[in-house]
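For the numbers below, each heavy atom of this structure counts, side chains included, while hydrogens, waters and symmetry mates do not. Quick caveat: nothing in here was measured; it's all calculated off a predicted structure.
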Amino acid sequence: MKTYYVYIMTNWSKTLYVGITSELVKRVYEHKQKLVEGFTKKYNITKLIYFEDTNDVNAAIAREKQIKGWIRNKKIALIETINPGWRDLSEDF
C-alpha cells in the first residue's frame with residue numbers, strides 16, 4: 001500500500017510551504033538541492049518542519065488544501081504540536 005505525505009517546509013525567515021508527495025525523502029532532497037522550479041527554489045525553502053502521512057491519496061489532497069487555507073498562526077500551531085523548535089526533521093532520514 002502506498003503512503004502519501006502532507007508536509008511543511010520553511011527557510012531562514014520562516015516562510016512556509018505546504019506540499020504533498022508519495023516519496024518524502026526524495027521530495028525533500030529535491031527541495032534542498034533546488035531541483036524544483038518555483039516557490040521553494042525562489043525562496044530557498046530547504047527545511048522540513050512538519051509532516052503527516054496517510055494511505056488515502058484523497059485524504060492527503062484534502063488535508064493539503066485544508067492546511068493551505070489556514071491562516072499563518074494556525075499553521076504555526078500545527079507545526080509546533082510536533083516540532084516546537086522548528087528542527088529540520090529531514091536530519092533523521
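- No side-chain donor-acceptor contact under 3.5 Å links Asn83 to the backbone of Tyr50.
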> When you look at Val28 and Leu89, which way does the side-chain contact (heavy atoms from CB on, under 4.5 Å) test go after all the steps?
Replying inline: CA-CA 10 Å; Val28 170; Leu89 302 175; over 6 Å; no
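- Residues Tyr7 and Leu24 meet the side-chain proximity criterion, which asks for heavy atoms closer than 4.5 Å.
- Between the side chains of Thr46 and His31, no donor-acceptor pair is found at a separation under 3.5 Å.
- Residue Lys34 qualifies as enclosed at atom NZ: its count of foreign heavy atoms under 6.0 Å is above 12.
- No side-chain heavy atom of Lys32 sits less than 4.5 Å from a side-chain heavy atom of Leu48.
- By the rule that hydrophobic residues join a cluster once side-chain heavy atoms approach within less than 4.5 Å of another member, Ile67 and Phe39 end up as members of one cluster.
- Judged by the 6.0 Å distance and 45° axis criteria, Lys14 is positioned over the aromatic ring of Trp86.
- With rounding to the nearest 0.5 Å, the separation of CH2 in Trp70 from CG in Leu78 is 5.0 Å.
- When side chains are defined from C-beta on, Tyr4 counts as touching Lys2, because their heavy atoms get closer than 4.5 Å.
- Side chain of Thr15 to backbone of Thr10: no donor-acceptor contact under 3.5 angstrom is found.
- Linking Ile, Leu, Val, Met, Phe, Trp and Tyr residues whenever their side-chain heavy atoms come within less than 4.5 Å leaves Ile61 and Ile8 in two separate clusters.
- Neither Val6 nor Ile71 shares a network with the other; the hydrophobic side chains, linked directly or stepwise wherever heavy atoms of I, L, V, M, F, W or Y lie under 4.5 Å apart, form separate groups for each.
- Atoms CD1 and CZ, on Ile20 and Arg63 in that order, are 11.5 Å from each other to the nearest 0.5 Å.
- Note that the CG atom of Asn55 and the OG atom of Ser22 stand 12.0 Å from one another [nearest 0.5 Å].
- Distance check, rounded to the nearest 0.5 Å: CD of Glu30 to CD of Glu23 gives 8.0 Å.
- Atom CG in Asn11 sits 6.5 Å away from atom CG in Asn44 (nearest 0.5 Å).
- Glu64 and Val18 make their closest contact through OE2-O, 3.8 Å (heavy atoms, listed as atom of the first residue, atom of the second, distance).
- Inter-residue side-chain proximity for Thr40 and Met9 is flagged as unmet; no heavy-atom pair is nearer than 4.5 Å.
- Residue Tyr29 is not grouped with residue Tyr43 when hydrophobic side chains (ILVMFWY) are merged at heavy-atom distances under 4.5 angstrom, including chains of intermediate members.
- Taking 4.0 Å as the cut-off between side-chain N and carboxylate O, Arg87 and Asp92 count as a salt-bridged pair.
- Taking CD1 from Ile76 and OG1 from Thr81, the interatomic distance works out to 12.5 Å, rounded to the nearest 0.5 Å.
- Using modelled atom types and a 3.5 Å distance limit, the side chains of Asp56 and Thr54 yield no donor-acceptor pair.
- Under the 4.5 Å side-chain heavy-atom criterion for grouping Ile, Leu, Val, Met, Phe, Trp and Tyr, Phe51 is not connected to Val57 through any hydrophobic cluster.
- Within the 4.5 Å cutoff, side-chain heavy atoms of Leu16 are placed close to those of Ile49.
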